[in-house]
Amino acid sequence: MREPKRHLVTSALPYANGALHLGHLAGAYLPADIYVRTLRLLGKDVVFVCGSDEHGAAITMKAKLEGVTPREIIDKYHELNKDTFQRLGISFDIYHRTSSALHAETAQAFFTELYTQGGEFEERMTEQYFDEEFQQFLADRYIVGTCPRCGNPEAYGDQCENCGSTLSPTELIQPRSVLSGKAPVLKLTKHWYFKLEKHADWLREWIEKGELDGVKHHDPKRWKKHVTGQCLSWLDSGLQPRAITRDLDWGIPVPLEEAKGKVLYVWFDAPIGYISATRQWALDHGKNWEDYWKSPDSQLVHFIGKDNIVFHCIVFPAMLKAHGDYLLPVNVPANQFLNFESRKFSKSKGWGIEQHEYLETFKDFPNKEDTLRYALIRNMPETRDSDFKWDEFVDFHDKELADNLGNFLNRVIVLTQKYYEGRVPEGVFAEDPHATAIRGLVKDLVYEIESFSFKDAVQKFLEISTYGNVFLQDTSPWAIWKDEPDSLVVKDCLYTCLQIVTVLSVIVEPFLPFTAKKIRAQLQLPEAKAGALAELLERLESGKALLPAGHLVGQPEVLFPKINDRKDGSRMELVEAQKAKLAAVLAAEQPEPKTEYATLKDLISYDDFAKMDIRTGTILEAEKVPKADRLLKLLVDLGFEKRTIVAGIAEHFQPEAIIGQQVLVLANLAPRPLKGIESNGMILMAGNEEGKLSFVTPEKGWPNGFGVK
RNA sequence: GGCGCGAUAGCUCAGCUGGUUAGAGCGUGCGAUUCAUAAUCGCAAGGUCGGGAGUUCAAGUCUCCCUCGCGCUACCA
């Protein structure tokens, strides 16, 4: 593949209704930042864009819950996230937002282009819930009701947060509007759908072979397996048209006369945010944004978490291709998820720590940003879920940053001060084997970063520091210096070590930007500029000194005060406090009977009740319905007849265990086929707040077939 | 249930297109060293590569079955 002229790098746009936690940082922002900083050091033309995703019903929902406007919500979280990223050293060239006018214009133009081209959209009339009192259609999130799976009375129209199942609003039992609290009605509405399925063929070729229109586009082997795998799995199961409009008042208006009151569905406008962010950046810097999005010698890379794979590898590329002119990503190095002390991050359960919260809590901790960055890099969930542990956080910091890296710098500077009053001695480095070895490690490191293997890259980084330690130890200049203070061996040794430290001062920057500044300062060197790494490699090759003889270095200063420090327990206390917090969460977990009872349904008349014919019965046979996790096929004796009933209780009861079980059956429910089996009635079950089920039965031995009054 | 990804030393993980005695870091044990943040360096112990079957001259690496973890997806109490 040709060397690209320009790089466009994106990180997933954070949704502006909350803060981000360490998992997000490790997933989509930190790796992107390392990648981008490396490219800059190599002197490449690169733009790194991100921003807030600020539309969608979840934001209006949150605003409503908090009694504020959506604008206040997005302003709050936009500022918070933007500021936090900056404080952690995530070096976006722009952190834009989708509420901007430029974005609205960009997204609308994108829609209009696809619309006028024709063939990409289709219109559909669908029935959506409508709140008659408020005279508006309800987004999925605006409908709550009882979850059909677990019985949680507060499930949303798109998802039940109790059992995690994905729902559609029409599945909810006893739905009600969040706005009026009343039952919504179904009403016809028109929406536009993007015909994703017509792009399936070229998408498959693009993902499988890396070819676009028969031309080599990228090397598919360089994509992560779980990314390619999930995409092909989607393609195999068939693509469906996706709605791109919504009935909502918060978002970008659909630019069509006949679509008044409708907005672009947030998933459609969000990825276009990458484009509008680039446009804004170009405006601010007098550049041409199209060079980055449309020129074939530019290269696009999306950094995301695994929850976003399908959008970035199928949906958005399809949109871009349908539009025409746009580049498709050469890679989407999605990371998996980071767990926190063996569990998933959970804000509601108090498990985990958010980015800004970390910065606040570790306010007085030296190098808090780089220490965190380092711990996350070492544990980055590159190919599978990984786990953040405070004990490892301490170990990585103390053993690798303090003992290996920090101490190496320290001993070199101390020796230079002691033997040569801080002046770099004369020596050879360039043509000796050490220079070759170091150059090899630096090249390996760069290669790993370009391959999105950040864990391997940081390991190479540490190897350089270890190389220095080994060399220093093997030479032991202190032993020679005692008798021969003018020894050339000692001069050569320190000269070489100082060159190695200089290498470290440059390549540390992508990983630990704050530390990079400190090391440069100790060496009395200016900060490494764009292209510094390219220059360094060149010098290593051509034999020029990186740090010339005679250069005066600064006074030694401890770079990383250890956490596990017997003289100063303050840093360890901070970590211990975090561990104690988690222990407290665990301890408090058992008694949590914050029982929520379903709100009572609307009143019904006696006649309504009388319509139901509930009978006593006994289960005669039970077997699992194949290809369904929840369904059991039952044969129930109702006295006057035996009938087949399919019940969704397989997760709670073994088929053998319920034979002979007495039950109550809603016997006059209209028959309905389930997985090809006709179900004639419904078994009555009692449910609790955990979603557990219990049979409702008459007294033991009660005859079958009699009514319940 | 379907699909995808994963399961390798006590712990965290590397092992590309199948090929000599399966690697690294941490931890452990022993030794060296003192310039340094009780840091550093060397050596050693430690694995039936989740389980089972198969293909092959040869399998951690390919095929099939099973178990477990994570994710996507289907399924009315």
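The chains referred to below are lettered A, B, ... by the order of the sequence lines, with proteins before strands, and numbering in each begins at 1.
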Undergrad: With sugar-phosphate meaning primed atoms plus P, OP1 and OP2, does A/Leu559 contact a base, only sugar-phosphate, or nothing at under 4.0 Å between heavy atoms?
TA: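 Since a base atom lies under 4.0 Å of A/Leu559, the category is base.
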
Undergrad: Could you state the atom-to-atom distance from CG of A/Asn469 to C1' of B/G42 in whole Å?
TA: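 Roughly 14 Å, once rounded to whole Å.
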
Undergrad: What does the list of N/O pairs under 3.5 Å between the protein and nucleotides 59-62 of chain B look like, with a distance for each?
TA:
none

Undergrad: Over how many whole Å does the gap from A/Gln240 atom CD to B/U73 atom P extend?
TA: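 Between P of B/U73 and CD of A/Gln240: 13 Å.
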
Undergrad: Rounding to a whole Å, what distance do you find between A/Glu382:CD and B/C5:C1'?
TA: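 So the two atoms are 15 Å apart, to the nearest Å.
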
Undergrad: May I ask you to list the residues of residues 474-485 of chain A, by number, that have any heavy atom positioned under 4.0 Å from an atom of RNA chain B?
TA: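 Heavy-atom contacts with RNA chain B come from A/Asp474, A/Trp478.
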
Undergrad: For the rings on A/His24 and A/Phe345, is their centre-to-centre separation under 6.0 Å?
TA: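 No, too far apart.
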
Undergrad: Is A/Lys460 touching bases, backbone alone, or none of the nucleic acid, heavy atoms closer than 4.0 Å?
TA: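 Answer is nothing: A/Lys460 stays at 4.0 Å or more from every strand.
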
Undergrad: Going by the angle between their ring planes, with limits at 30° and 60°, are A/Phe461 and A/Phe511 parallel, tilted or perpendicular?
TA: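 The rings of A/Phe461 and A/Phe511 sit tilted, inter-plane angle from 30° to 60°.
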
Undergrad: Could you give me the CA-CA distance, side-chain angles and deciding distance for A/Glu341 and A/Phe388, then say whether side-chain contact (heavy atoms from CB on, under 4.5 Å) is met?
TA: CA-CA 6 Å; A/Glu341 293 283 0; A/Phe388 177 95; 5.5 Å; no

Undergrad: Return the value, rounded to whole Å, for the distance between atom CG of A/Leu462 and atom C1' of B/A39.
TA: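 Distance check: A/Leu462 CG to B/A39 C1' gives 14 Å.
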
Undergrad: For a quick check of understanding: with a heavy-atom distance under 4.0 Å over all strands, which category does A/Ser342 fall into, base, sugar-phosphate or nothing?
TA: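 The answer is nothing, as A/Ser342 stays clear of every strand by at least 4.0 Å.
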
Undergrad: Please determine whether the number of non-hydrogen atoms from other residues, nucleotides or ligands lying under 6.0 Å from atom CG of A/Leu488 exceeds 12.
TA: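 Not buried by this count: 12 neighbours or fewer within 6.0 Å.
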
Undergrad: Below 4.0 angstrom from OP1 or OP2 of B/A14, is there any side-chain N or O of A/Arg384?
TA: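 For B/A14, OP1 or OP2 has a side-chain N or O of A/Arg384 closer than 4.0 Å.
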
Undergrad: Go ahead and write out RNA chain B as dot-bracket, 5' to 3': ( ) for pairs within the strand, [ ] for ones crossing earlier pairs, | when the partner sits on another strand, dots for unpaired; Watson-Crick or G-U wobble, both distances under 3.5 Å.
TA: (((((((..((((.....[...)))).(((((.......))))).....(((((..]....))))))))))))....

Undergrad: Does B/C5 have OP1 or OP2 sitting under 4.0 Å from an N or O in the side chain of A/Ser233?
TA: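 Answer no for this pair, as no side-chain N or O of A/Ser233 is under 4.0 Å from OP1 or OP2.
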
Undergrad: If you look only at pairs with a residue in residues 467-486 of chain A, which of them pass as a salt bridge (charged side-chain N to carboxylate O under 4.0 Å, His left out), with sequence neighbours excluded?
TA: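 Sorted pair list comes back empty.
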
Undergrad: Using a 3.5 Å distance criterion without hydrogens, assess whether the side chain of A/Asn407 forms a donor-acceptor pair with backbone atoms of A/Ala402.
TA: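 Not at all, since once roles are kept as given, no pair shorter than 3.5 Å links the two residues.
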
Undergrad: Nearest to the A/Asp385 side chain among B/C70, B/U37, B/C35, which nucleotide is it?
TA: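 Output: B/C70.
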
Undergrad: Could you tell me how the ring of A/Trp223 sits relative to the ring of A/Trp206: parallel (under 30°), tilted (30 to 60°) or perpendicular (over 60°)?
TA: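 It falls in the perpendicular class, over 60°.
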
Undergrad: Quick check for you: among B/C72, B/U12, B/U40, whose closest atom lies nearest to any side-chain atom of A/Trp234?
TA: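 From the listed options, B/C72 comes nearest.
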
Undergrad: Any side-chain to backbone donor/acceptor pair from A/Lys224 onto A/Glu382? Under 3.5 Å, distance only.
TA: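 Such a contact is found between A/Lys224 side chain and A/Glu382 backbone.
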
Undergrad: Both A/Lys567 and A/Thr466 contact RNA chain B. Taking the nearest nucleotide for each, which residue is further toward the 5' end?
TA: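 Final value for this comparison: A/Lys567.
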
Undergrad: Which part of the nucleic acid, if any, lies within contact of A/Lys418, taking any heavy atom under 4.0 Å across all strands shown: a base, the sugar-phosphate backbone alone, or nothing?
TA: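 The answer is sugar-phosphate, as A/Lys418 gets under 4.0 Å only of primed atoms, P, OP1 or OP2.
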
Undergrad: With sequence neighbours left out, write down each residue that passes ring-ring contact (aromatic ring centres under 6.0 Å, His included) with A/Phe396, or none if nothing qualifies.
TA: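 A/Phe396: no ring-ring contact (aromatic ring centres under 6.0 Å, His included) contacts found.
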
Undergrad: Report which part of the nucleic acid A/Phe560 touches: base, sugar-phosphate, or nothing (heavy-atom distance under 4.0 Å, all strands).
TA: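 Here A/Phe560 touches the bases of the nucleic acid.
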
Undergrad: Considering heavy-atom distances to RNA chain B, does A/Thr228 or A/Ser465 have its closest nucleotide positioned more toward the 5' end?
TA: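 On the 5' side of the pair lies A/Thr228.
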
Undergrad: Figure out the CD/P separation between A/Gln473 and B/C43, and round it to whole Å.
TA: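 Answer to the nearest Å: 13 Å.
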
Undergrad: Excluding sequence neighbours, so at least two apart, what forms side chain to side chain contact (heavy atoms under 4.5 Å, CB included) with A/Pro31?
TA: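 Applying side chain to side chain contact (heavy atoms under 4.5 Å, CB included) to A/Pro31 gives A/Phe303, A/Asn335, A/Met380, A/Phe454.
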
Undergrad: What pairs of residues pass the side-chain hydrogen bond (donor to acceptor under 3.5 Å, both in side chains) test when at least one of them lies in residues 440-460 of chain A, not counting sequence neighbours?
TA: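 Passing the test, one end in residues 440-460 of chain A: no pairs.
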
Undergrad: Base, sugar-phosphate, or nothing for A/Asn407, non-hydrogen atoms under 4.0 angstrom?
TA: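 Base contact - A/Asn407 has a heavy atom under 4.0 Å of at least one base atom.
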
Undergrad: Respond yes when some side-chain nitrogen or oxygen of A/Lys562 is under 4.0 Å from OP1 or OP2 of B/A39, and no when none is.
TA: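 Looking at the OP1 and OP2 atoms of B/A39, one of them is under 4.0 Å from a side-chain N or O of A/Lys562.
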
Undergrad: Which one, B/A14, B/C35, B/A39, comes nearest to the side chain of A/Thr383?
TA: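 The answer is B/A14, which lies nearest to the side chain.
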
Undergrad: Round to the nearest Å and state the distance from A/Phe396 atom CZ to B/U12 atom P.
TA: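 It is 11 Å, rounded to the nearest whole Å.
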
Undergrad: Can you sort out the partners of A/Asn469 under side chain to side chain contact (heavy atoms under 4.5 Å, CB included), two or more places apart, ordered by chain and number?
TA: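 So A/Asn469 forms a side chain to side chain contact (heavy atoms under 4.5 Å, CB included) with A/Asn404, A/Phe408, A/Arg411, A/Ser465.
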
Undergrad: What integer distance in Å separates A/Leu472:CG from B/U34:P?
TA: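 Spelled out: CG on A/Leu472 to P on B/U34 is 13 Å.
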
Undergrad: Taking side chain to side chain contact (heavy atoms under 4.5 Å, CB included) as the definition, give me every residue that meets it alongside A/Lys209, ordered by chain and number, with sequence neighbours left out.
TA: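 Expected list: A/Glu205, A/Glu211.
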
Undergrad: Please list, chain by chain and in numerical order, all residues satisfying side chain to side chain contact (heavy atoms under 4.5 Å, CB included) with A/Ser386, sequence neighbours excluded.
TA: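 Counting only residues at least two positions away or on another chain, A/Ser386 forms a side chain to side chain contact (heavy atoms under 4.5 Å, CB included) with A/Leu338, A/Asn379, A/Pro381.
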
Undergrad: For each nucleotide in nucleotides 22-27 of chain B, reading 5' to 3', give B when a protein heavy atom comes within less than 4.0 Å of its base, S when such contact involves only the sugar-phosphate, and - otherwise.
TA: ---SSS

Undergrad: So, does the side chain of A/Asn410 form a donor-acceptor pair with the base of B/A36 at under 3.5 Å?
TA: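 Checked by distance alone, the answer is no.
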
Undergrad: Taking the six-membered ring for Trp, are A/Phe560 and A/His397 closer than 6.0 Å centroid to centroid?
TA: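 Between A/His397 and A/Phe560, which both carry aromatic rings, the centre distance is below 6.0 Å.
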
Undergrad: Go through the structure and list residues passing ring-ring contact (aromatic ring centres under 6.0 Å, His included) with A/Trp481, not counting sequence neighbours.
TA: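 A/Trp481: ring-ring contact (aromatic ring centres under 6.0 Å, His included) contacts with A/Tyr419.
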
Undergrad: Would you classify A/Val414 as touching base, sugar-phosphate or nothing, given that sugar-phosphate means primed atoms plus P, OP1 and OP2, and contacts are heavy atoms under 4.0 Å?
TA: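 Sugar-phosphate contact only.
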
Undergrad: If I take atom CD1 in residue A/Ile304 and atom P in nucleotide B/C72, what distance separates them, rounded to the nearest angstrom?
TA: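 Value for this atom pair: 13 Å.
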
